[in-house]
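These numbers come from a predicted model, not from an experiment.
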Amino acid sequence: MTFLMKSMLSNQVKNLGLGGGGEENKEESTPSDPAAAAGMTREEYEEYQKQVVEEKMERDAAFAQKKAERACLRVHLREKYRLPKSELDENQIQMAGDDVGLPEDLQKMVAEDQVEEEDKDSILGQLQNIQNMDMDAIKEKAQATFTEMKQAAEQKCSVM
């Protein structure tokens with residue numbers, strides 16, 4: 001019973017801040033030096049911090065490079081489809097430096113697209129498109145155009 005009363009009263013006194021000095025001792029016992037808190041010497045802790053900073057810089061540089069590559073791809077697509085340019089993409093490319101280009105996979109895809117477009121634009125590509133056309137529709141359209149021209153000429157010319 002006395003134990004119960006003593007623990008209850010001592011807890012209440014500590015909460016009031018009157019004579020309960022146990023908490024102050026706990027705060028003083030924690031080291032203020034982060035190296036000691038991590039269980040390292042000062043030199044080890046400094047080396048660790050340098051490594052952390054270097055890794056962060058490498059990650060940031062890789063991220064900026066990827067952003068610039070994506071921006072380069074967007075610029076390429078905007079040029080291809082004649083869309084308006086974006087200042088944000090150009091700024092990202094400039095921030096990454098001059099060594100920005102499309103990744104190899106995307107370069108292969110772009111090269112394949114260019115080859116396909118060149119094939120379509122060539123004479124052979126046009127000949128292949130002619131094979132796929134509906135010749136009857138073309139004949140009907142040509143005959144309709146010819147009759148329209150003939151009627152227009154008859155109306156304008158008194159000899160015909």
inquiry  = Working note: Lys67 + Arg70, criterion side chain to side chain contact (heavy atoms under 4.5 Å, CB included); need CA distance, chi angles, decisive distance, verdict.
reply    = CA-CA 5 Å; Lys67 283 176 65 174; Arg70 291 183 197 119; 4.2 Å; yes
inquiry  = For the NZ atom of Lys150 and the OG1 atom of Thr145, what is their distance to the nearest 0.5 Å?
reply    = 14.5 Å
ask   = Who passes salt bridge (Lys or Arg N to Asp or Glu O under 4.0 Å) against Lys141, sequence neighbours left out?
value = none
Under 3.5 Å donor-acceptor pairs involving side-chain atoms of residues 43-52, not counting sequence neighbours:
unit_1, atom_1, unit_2, atom_2, d
Glu44, OE1, Thr41, N, 3.1
Tyr45, OH, Gln49, NE2, 3.3

task = Would you give the length of the straight line joining atom CD of Gln92 to atom CD of Gln94, rounded to the nearest 0.5 angstrom?
result = 11.0 Å
Identify each donor-acceptor pair in which a side-chain atom of residues 82-89 lies under 3.5 Å from a protein atom, sequence neighbours left out, and give them as a table.
unit_1, atom_1, unit_2, atom_2, d
Ser86, OG, Leu88, N, 3.4
Asp89, OD1, Arg74, NE, 3.1
Asp89, OD1, Arg74, NH2, 2.8
Asp89, OD2, Arg74, NE, 3.3
Asp89, OD2, Arg78, NH1, 2.4

